[in-house]
> 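Let me begin by handing over the structure; questions about it come next.
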Amino acid sequence: MKRSTIVAALAALCCLSACNQKKGEEVTLQVRTQYGILEGFEENGVKKFLGVPFAQAPLGELRWKAPQPVQPWEDIREAKQFGDDPMQLDIFGDMNFRAPGRSEDCLYLNIWTTAATTADALPVLIYFNGGGLMAGSGSEPRYDGSSIAKEGVIAVTANYREGVFGYFAHPELTEASDYKGSGNYGFLDQVAAIKWVKENIAAFGGNPDRITIVGESAGAFSVSLLMCSPLSKDLIAGAILSSGAEVMPNKPATLAEAEAAGVAALKAAGIASLADAMALSADSLQKVLPPRGMSRVVLDGYFMKESADAVFQKNQQAQVPLLAGWNSLEGHPMQALAGQTPTVQNYKNALRGQFGLMTDEIFEAYGITTDQDVLSQKGLDLASDLFTGFPTWKACDYHAQSGLPVYRYHYMHPRPQVSAKMGDKTAALAGGVREKTEEEKKAAAQQPAIAPGAVHSADIEYAMGNLDTNQYYDWQQEDYDISKLFLSYYANFCKTGNPNGEGLPQWTPVTSDNRDRAPVMIIDVESKEVASPERENAYRTLEKFYKEKANNL
C-alpha cells in the first residue's frame, strides 16, 4: 500500500474517532454505571431510572454508620420502580408516596433524562425532600422530575435516612467511627448521593460539572449545609433554597451535646444500652425513640467542623450562584395568638416572651401598628419570617456579601380551592388534604379573614411543573401559567446559574453592592421584580435581635 494511501486511511480513522467522540454514545434504556448496568423505561419521551442504589443498605451493623459504597452487581439490574422510602412515622398524614414500602434499606435515587447521547452533557438538578428531617421521600409525586427533564435538565431525587435513623448520636457510635463523630447520617447520605451522581451521571447524558442541588424546608436546611460542608461544597455548580436555611437563629449541636441527648433518649425509652437499641427492629426503634429533637446538625468534625454561619462569614462556602426564597404564608399570626382576638396588643403580648425589650421595635419595623395590620401581609410577613423567612434571608445576605449572585424570590400565589370531588376536606401541610374537624367547620364562618397567601411547601408543584400530580386542588389556567414561569426559572438557573431567559420577567441578582435595596422577584399572577428598603430594614431589625440574644447567652 502506498504511503499516501496509508496516511489517508489513518486520517479517516482519526476523523471517524473524533466524530464518534463528538456525537457521544447513545443513551438507551440500558446504562452502564461504575457499579453495573441499569435498565430503565421510557414514558412520554422521558427515560426513567428508578430505585438506583447509591450506597449500601444501612442494615445491621451499618444502621448508624456513614453510608458505604455500593457493591457492584453482575446482571442487568432493573430500575423500574422506586426503592423503599426511608423509615418514618406518619407525621404528615397527607404525604403521598409511590414506593412499595418503607425500610432502613432506603438509600436509592431516581433519574429522569431526555438526553439522546452522552455528548448532550445536560445540566443536573438533585432535589432533597422536605419533611423536618423526620419524613418524606424522593418518591413523592410533587418532586417528580419529568417536567424539568423536558426542559433539558436531568432530574434526580435521592432518599436519605430520617429521624432516629439519620440523626442519632451516641458516644459509643463516635468512638467506633473512623472520623470520631456521630449523628449527621442523613446529611452524609446526601453527600453520598451527590458523589454518586458526580461519578455516574455522564452515562445518562449529564454534565457532572453542572450539578445544582435543591431542597425545600428541611431539604433547604440540608442544601445550606451541603454548601458549607468540606465534603460537598466543591461538588456543586449551583444551589436553590426553598423556604429554609440552617443559619441564624438556628444553632448546631456540639458533638458532646448530641451524644448526651442520645444517651438521655435511650434512658428515657428504657433501653439499657446501645447494643439493645441496635437489636431492635426498625419499626420498634422509631416507636420508642421519637424523631423530634434528633434533627439538629452536629458539629462532628467531619460533615461540619463549624457552624454554617461561621463558614458563610469567612466566605468559605461553595462559590456558586444561589437562587432562594420563601412563601408569603409560611406562618400566620393566629398560631401565636392561639385563639385570642387578633389585636396589636394581643399579638405583641404573644411574642413578648420571645422578643422582650425589642418587641415594640420589631413590630414598628414590620409596620404592624394597627389591629388591621395583624392579619394583613405585614402580620403574615413577621409570622413567616419567624418560621423560615428570616434564616433564608440571612443565607442570601451572607452569600451576597461574597459578591456571588443571589436570585431572591417571594412566592405569593395561593393554591386554588380544594377540588369539590374531595368533599368536605381542607388543605394540609404537605400538599395533600385532610378531613375538617368539627371545630373547623363551626369556626369557618366566624374566623377572622386572613390575607390569602402561599402556605409552606405550596411552591413545590409549581416550581417543578407538577400540578397535575396533585389531584386535590382545582387548578386553573393561572396556576399553569405561574408553574411554567417558575419551572423556566429553575431550568435556566440549572443550565447557566442565571434564571433569566427570553420572555421571562427580568430578574436582577442581589450582590454586595445592592443588598440593602435587594431586588426580589415576586412570583404571582403578575410576576415582577421589586425592591423594598423597608422590608430589608425589618430583616435587619430581626437580625439585631438574634445577635443580641446570642451575645447574652
Side-chain angles (χ1 to χ4, degrees), residues 57-67 84-93 95 102-107 128-137 159-191 217-219 221-222 225 229 244 246 249-305 307-308 553:
L59 302 172
E61 293 183 355
L62 298 183
R63 171 175 279 174
W64 284 310
K65 286 191 176 181
D84 279 350
D85 295 324
M87 289 297 297
Q88 59 196 272
L89 299 173
D90 291 322
I91 297 169
F92 307 102
M95 278 185 171
R102 297 175 184 173
S103 170
E104 284 188 88
D105 180 7
C106 65
L107 299 185
F128 294 111
N129 62 271
L133 302 179
M134 300 179 289
S137 166
N159 291 347
Y160 55 93
R161 282 172 282 182
E162 296 167 341
V164 64
F165 304 96
Y167 304 99
F168 176 74
H170 192 278
E172 291 181 39
L173 293 173
T174 297
E175 181 60 31
S177 74
D178 294 337
Y179 55 92
K180 300 306 177 186
S182 58
N184 291 345
Y185 302 114
F187 298 129
L188 292 174
D189 294 340
Q190 294 167 357
V191 173
S217 193
F221 299 152
S222 301
L225 293 170
S229 173
E246 193 64 21
N250 301 314
K251 291 183 61 177
T254 65
L255 181 57
E257 289 171 340
E259 290 175 341
V263 171
L266 292 187
K267 183 177 180 180
I271 301 174
S273 66
L274 179 66
D276 287 346
M278 288 286 290
L280 289 173
S281 69
D283 191 52
S284 298
L285 182 66
Q286 69 177 3
K287 287 177 180 176
V288 296
L289 287 179
R292 294 191 186 278
M294 293 188 183
S295 55
R296 291 173 66 189
V297 64
V298 181
L299 300 182
D300 62 355
Y302 181 56
F303 175 69
M304 292 297 289
K305 297 182 179 181
S307 71
L553 290 179

> Before giving the answer on side-chain contact (heavy atoms from CB on, under 4.5 Å), spell out for Glu162 and Asn129 the whole-Å C-alpha distance, their side-chain angles and the decisive distance to 0.1 Å.
CA-CA 11 Å; Glu162 296 167 341; Asn129 62 271; 3.3 Å; yes
> Are Leu173 and Phe168 close enough that some pair of their side-chain heavy atoms sits under 4.5 Å apart?
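Heavy-atom side-chain distance check passes, below 4.5 Å.
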> For Pro86, is there any backbone N or O sitting under 3.5 Å from a side-chain donor or acceptor partner on Tyr160?
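Not a single qualifying donor-acceptor pair exists.
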> For the CD atom of Gln190 and the OH atom of Tyr185, what is their distance to the nearest 0.5 Å?
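The CD atom of Gln190 sits 15.0 Å away from the OH atom of Tyr185.
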> Got Leu289 and Leu266 here, is their nearest side-chain heavy-atom distance under 4.5 Å?
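They are in contact (side-chain heavy atoms under 4.5 Å apart), so the answer is yes.
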> Kindly indicate whether the side chain of Ser222, heavy atoms from C-beta on, has any atom under 4.5 Å from the side chain of Leu133.
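Side-chain contact under 4.5 Å: yes.
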> Please say whether more than 12 non-hydrogen atoms of neighbouring residues, nucleotides or ligands are located less than 6.0 Å from NZ in Lys305.
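Not more than 12 within 6.0 Å, no.
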> I need the full list of salt bridge (Lys or Arg N to Asp or Glu O under 4.0 Å) pairs touching residues 271-286, with sequence neighbours left out, sorted by first then second residue.
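Passing the test, one end in residues 271-286: Asp283-Lys287.
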> Without swapping roles, check the side chain of Asp300 against the backbone of Tyr179 for a donor-acceptor pair under 3.5 Å.
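Such a contact is absent between Asp300 side chain and Tyr179 backbone.
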> CG of Leu188 to NZ of Lys65: how many Å apart, nearest 0.5 Å?
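So the CG of Leu188 and the NZ of Lys65 are separated by 14.0 Å.
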> For Gln286 and Gln88, indicate whether the former's side chain and the latter's backbone hold a donor-acceptor pair under 3.5 Å.
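Side chain of Gln286 to backbone of Gln88, a donor-acceptor pair under 3.5 Å: yes, one is there.
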> Please answer whether the main-chain N or O of Glu104 pairs with a side-chain N or O of Arg63 as donor and acceptor at a distance below 3.5 Å.
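Checked: no pair found.
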> Who are the side-chain hydrogen bond (donor to acceptor under 3.5 Å, both in side chains) partners of Ser284, not counting sequence neighbours?
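Once residues adjacent in sequence are excluded, the partners of Ser284 under the side-chain hydrogen bond (donor to acceptor under 3.5 Å, both in side chains) criterion are Ser281.
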> Asp85: which residues meet the side-chain hydrogen bond (donor to acceptor under 3.5 Å, both in side chains) condition with it, sequence neighbours left out?
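Only Ser137, Ser139 meet the side-chain hydrogen bond (donor to acceptor under 3.5 Å, both in side chains) criterion with Asp85.
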> Sequence neighbours left out, what passes salt bridge (charged side-chain N to carboxylate O under 4.0 Å, His left out) with Asp90? Give chain and number order.
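Salt bridge (charged side-chain N to carboxylate O under 4.0 Å, His left out) check on Asp90 returns Arg102.
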> Would you sort out whether Val298 and Met304 count as a side-chain contact (heavy atoms from CB on, under 4.5 Å), showing the intermediate values?
CA-CA 7 Å; Val298 181; Met304 292 297 289; over 6 Å; no
> Any donor and acceptor pair, going by atom type alone, linking the side chain of Lys180 with main-chain N or O of Glu175 inside 3.5 Å?
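Yes: the side chain of Lys180 pairs with the backbone of Glu175.
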> Partners of Glu61 by salt bridge (charged side-chain N to carboxylate O under 4.0 Å, His left out), sequence neighbours excluded?
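Salt bridge (charged side-chain N to carboxylate O under 4.0 Å, His left out) list for Glu61, sorted by chain: empty.
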> Sub-3.5 Å donor-acceptor pair from the side chain of Trp64 to the main-chain atoms of Val164, do we have one?
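Yes, Trp64 side chain to Val164 backbone: donor-acceptor pair under 3.5 Å.
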> Does a side-chain heavy-atom distance below 4.5 Å link Pro67 with Leu62?
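The answer is no, as the side chains (C-beta and beyond) never meet within the 4.5 Å cut-off.
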> With sequence neighbours excluded, what pairs up with Phe303 under the ring-ring contact (aromatic ring centres under 6.0 Å, His included) test?
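In terms of ring-ring contact (aromatic ring centres under 6.0 Å, His included), with neighbours along the sequence ignored, Phe303 is linked to Phe187.
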> Using 0.5 Å steps for rounding, measure from the NE2 atom of His170 to the CG atom of Leu274.
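Reported value, rounded in 0.5 Å steps: 5.0 Å.
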> What pair of heavy atoms forms the shortest contact from Ser182 to Leu255, and how long is it?
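Heavy atoms of Ser182 and Leu255 come nearest at N-CD1, 3.8 Å.
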> Has Ser307 got a side-chain atom pairing as donor or acceptor with Pro252's backbone, closer than 3.5 angstrom?
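Checking the backbone N and O of Pro252 against the side chain of Ser307, no donor-acceptor pair under 3.5 Å is found.
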> Within the structure provided, determine whether Met87 and Cys106 are in side-chain contact (heavy-atom separation under 4.5 Å).
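Result no, sub-4.5 Å side-chain heavy-atom pair not found.
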> So which heavy atom on Ala218 is nearest to which on Gly132, and how close?
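Nearest pair, atom of Ala218 first, then Gly132: CB-N, 3.4 Å.
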> Measure the shortest side-chain to side-chain distance between Asp84 and Asp105 over non-hydrogen atoms and say whether it is less than 4.5 angstrom.
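No; the side chains remain at least 4.5 Å from each other.
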> What is the distance from atom CG of Leu225 to atom CD of Glu246, rounded to the nearest 0.5 Å?
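Atom-to-atom, Leu225:CG and Glu246:CD are 5.5 Å apart.
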